[in-house]
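Down below is the structure, laid out as structure tokens.
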Amino acid sequence: MIVIVLGFMALILVFGLGAAAGLWLRAARVSAGADAHRDAFVQSPTGMLLVDPDTLRIVDANPALVRSTGVPLEELRAGTLGAIFGAADGDGPDLLVAQLRDSPARLLVEATQRCRSGRQLLVEISGHPLQSDGRVLFALSTRDITLRRRVQAQQLERQQHLSHLAHHDQLTALPNRLYLAAHLPKAIEEARREGSALAVLFLDLDRFKHINDSRGHDTGDRLLQEVARRIRAAVRDEDMVVRMGGDEFIVVLRRVLTVDEVGETAARLAQTLNAAVVIDGRPLVATASIGVSLYPRDGQTMGELLRQSDTAMYQAKDRGRNTFQQFTPAMDRKLKERVAVENSLRRALAERQLHLHYQPIVDIRTRRVVALEALLRWRAHSAFIRPSRFIAIAEETGLIVPIGEFVARQALADLRRWRDSGASVVPLSLNVSAVQLQRTDFPAMLAGLLARYDVAASMVQIELNESAMFERHDRRGDPSQHAIERLRELGVRIVIDDFGTGYSSLSYLKRWRVDVLKIDRGFIRDLSVDTGDRAIVEAIIAMARHLNIEVVAEGVERQRDLRKLRDLGCELAQGILLARPVPAEQCLQFLSGAPLVIDSPESPADLLEGSGAA
Ligand code: C2E
Ligand code: MG
Ligand code: MG
């Protein structure tokens with residue numbers, strides 16, 4: 001019984017004590033909570049304050065705020081929010097308070113904080129409403145974000161700097177291709193919205209490569225800088241001037257009203273570039289060819305407009321440079337035709353549609369064949385396409401390289417076959433483009449083929465077109481010059497083709513130690529009627545004789561011209577009068593060693609006499 005009573009009392013005691021302890025603990029926790037809040041307020045490393053929302057008075061502030069502002073607590077308490085904080089970018093603590101008043105959720109604003117020292121910090125203020133002694137106060141806490149913002153600003157600046165670098169050309173400081181790609185579509189879009197027109201001018205300096213090669217890259221760079229400056233100065237601020245790379249520039253004219261206006265700008269650009277630039281005391285003129293395309297007339301997209309201004313620019317180059325051309329649909333057709341020819345030429349090469357025909361070069365007196373010129377033929381759908389339609393395109397696209405290799409291989413293979421069949425073979429004359437000499441190791445390729453077919457180098461001569469070679473011959477370090485020397489060392493003879501159509505600079509005849517000159521058929525055609533042509537041919541023959549160079553008259557079609565040539569002392573001729581170009585299978589007729597039979601109705605006895613007299 002005692003045990004039960006004791007036990008009961010113990011239980012009461014335990015429960016009673018427990019309950020009492022619980023009550024006490026809860027009370028302690030409440031006051032500890034308030035203390036903890038107070039502690040948190042006092043010890044917080046960030047500035048905190050309590051504000052009366054009605055008067056914006058600062059009711060209390062913590063030591064961190066006192067420290068960071070440098071303003072004593074009493075003074076803070078005597079002031080309002082506006083005494084310390086101001087608005088950063090329009091948002092201020094007043095706004096924060098106003099917003100808190102409207103919707104008492106947690107909010108965040110940026111503000112400036114004035115310090116006693118005069119310094120101004122950038123702070124982030126967050127706030128929330130708080131019940132205290134039956135009234136509502138706003139508790140605000142501040143965070144110094146001055147440093148973070150400064151770092152962010154630096155990062156932004158660095159990014160902008162990098163982006164500027166990426167979008168601008170180092171040499172001229174003009175915007176570059178990337179910039180154009182980012183901004184031209186926007187300009188087009190703007191024009192579309194406004195219903196205005198926009199012009200794209202593609203500007204390419206004439207013979208800049210020549211200046212670069214002959215006067216050095218440093219001079220070239222300085223010239224480009226000056227050109228960039230002049231172009232920029234010749235157009236309005238709102239117009240875009242971009243350096244695409246090398247000597248290519250794009251000018252985008254916005255809000256174009258008339259086509260004439262574009263013409264005037266192009267003329268102004270040409271004029272400013274026509275004035276000489278003096279570099280290191282020496283004047284330089286960098287003229288430009290300009291192609292123009294217009295939005296919306298010529299195209300709707302950046303790609304189209306650039307392509308068309310580029311096409312027009314090439315047309316300007318074709319027209320003799322230092323001029324400007326507007327894009328026309330006809331140019332586009334021409335371009336498309338070119339692309340079509342290029343594609344089918346590629347296929348022709350792969351599908352063996354290319355063939356060689358051979359035309360004899362004949363000794364006028366003896367009528368014997370002294371050489372065979374290989375002429376390229378492209379057989380497409382049972383018709384032959386003449387080289388004049390595709391050689392230039394092959395050169396531009398580089399296709400001339402594999403084509404040229406095919407020609408050399410096929411010609412040597414044919415020669416080898418004729419020789420094996422017992423024919424008395426003659427040297428082959430191969431037409432070679434300047435592009436082949438410059439872009440590939442043509443002498444090495446030819447030497448390899450000569451060895452492979454076991455043909456002596458003296459059985460090959462190379463025909464170089466005069467105008468094509470002259471365009472490049474005066475460049476120092478020109479690879480074709482070197483190639484010609486190596487061909488000569490091999491023992492290959494050098495022929496200048498179409499002589500008289502280019503610049504006819506006589507110095508290179510000596511420099512290249514030319515073996516043969518082929519007088520262009522333009523001089524031969526009217527030889528018997530045109531005394532001027534006759535005088536020229538006479539002079540060429542006399543000069544060649546002095547230089548110990550052989551002369552071939554090309555394109556001889558009439559007996560009387562052949563007669564005249566013989567009278568003028570020309571020894572070799574080629575032309576349909578003597579023999580047309582024929583496929584390899586029909587060449588054995590030229591390789592018998594016997595004189596050619598000319599079955600011309602006009603076949604004159606005096607020529608035969610001439611041959612007999614030789
Ligand atoms: P080319 O080397 O001056 O060749 C002579 C051209 O005159 C040939 O034209 C020939 O067929 C043509 N011809 C020959 N006799 C007469 C004639 O009596 N009267 C007239 N009016 N023409 C005659 P083709 O075959 O059309 O070749 C044109 C040009 O294409 C060649 O002029 C040559 O520069 C180039 N070419 C031809 N084959 C090749 C080649 O394999 N490689 C390279 N790079 N160019 C070639
Ligand atoms: Mg030729
Ligand atoms: Mg020729």
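Just so you know, ligand 1 is whichever comes first in the structure, and atom 1 is the first atom listed for that ligand.
- A donor-acceptor pair under 3.5 Å links the side-chain atoms of Asn431 to the main chain of Ala374, judged by distance alone.
- Less than 4.0 angstrom separates some heavy atom of Pro581 from each of these atoms of ligand 1: 11 (O).
- A donor-acceptor pair shorter than 3.5 Å can be found between the side chains of Asp414 and Gln410.
- Numbered from 1 in the order shown, with element, the atoms of ligand 1 that lie under 4.0 Å from a heavy atom of Glu463 read 2 (O).
- Other residues, nucleotides and ligands contribute over 12 non-hydrogen atoms within 6.0 Å of the CD atom of Glu396.
- No donor-acceptor contact under 3.5 angstrom links the side chains of Thr397 and Glu342, judged on distance only.
- Just one of His357, Gln586, Gln574 meets the side-chain contact (heavy atoms from CB on, under 4.5 Å) condition when paired with Pro581; it is His357.
- Side chains of Asn176 and Asp169: a donor-acceptor N/O pair is absent below 3.5 angstrom, by distance only.
- At a 3.5 angstrom cut-off on N or O pairs, Ala374 does not count as close to ligand 1.
- Applying the side chain to side chain donor-acceptor pair (under 3.5 Å) test between Glu373 and each of Gln461, Lys518, Gln359 identifies Lys518 as the sole match.
- Close to ligand 1: Glu373, with a non-hydrogen atom less than 4.0 angstrom away.
- Side-chain atoms of Ser528 and Arg560 include a donor-acceptor pair closer than 3.5 Å.
- Residue Arg377 has at least one heavy-atom neighbour below 4.0 Å for each of these atoms of ligand 1: 11 (O), 24 (P), 25 (O).
- Considering backbone and side-chain atoms alike, Asn465 places every N or O at 3.5 Å or more from each N or O of ligand 1.
- Counting the atoms of ligand 1 from 1 in the order shown, those under 4.0 Å from a heavy atom of Ile391 are 43 (C), 45 (N), 46 (C).
- Residue-environment remark: CZ (Arg513) stays at or below the threshold of 12 foreign heavy atoms within 6.0 Å.
- The nearest non-hydrogen atom to atom 34 (O) of ligand 1, considering only Asn431, Leu464, Leu577, comes from Asn431.
- A donor and an acceptor atom, one from each side chain of Asp206 and Ser289, are located under 3.5 Å apart.
- Under 4.0 angstrom from ligand 1, there are no non-hydrogen atoms of His357.
- At under 3.5 Å, not a single nitrogen or oxygen of Pro387, backbone or side chain, sits near a nitrogen or oxygen of ligand 1.
- Distances from ligand 1 to the non-hydrogen atoms of Ser388 include no value under 4.0 Å.
- Within a 6.0 Å sphere centred on CD of Gln326, heavy atoms belonging to other residues, nucleotides or ligands number more than 12.
- Counting heavy atoms only, Gly555 comes closest to atom 17 (C) of ligand 1 of the residues Gly404, Ala579, Gly555, Ala408.
- Protein contacts to the Mg ion (ligand 2) involving N, O or S atoms at a distance below 2.8 Å are Glu373 OE2, Asn431 OD1, Glu463 OE1, Asp497 OD2.
- With a 6.0 Å radius and a threshold of 12 heavy atoms from other residues, nucleotides or ligands, Phe406 has its CZ atom above the threshold.
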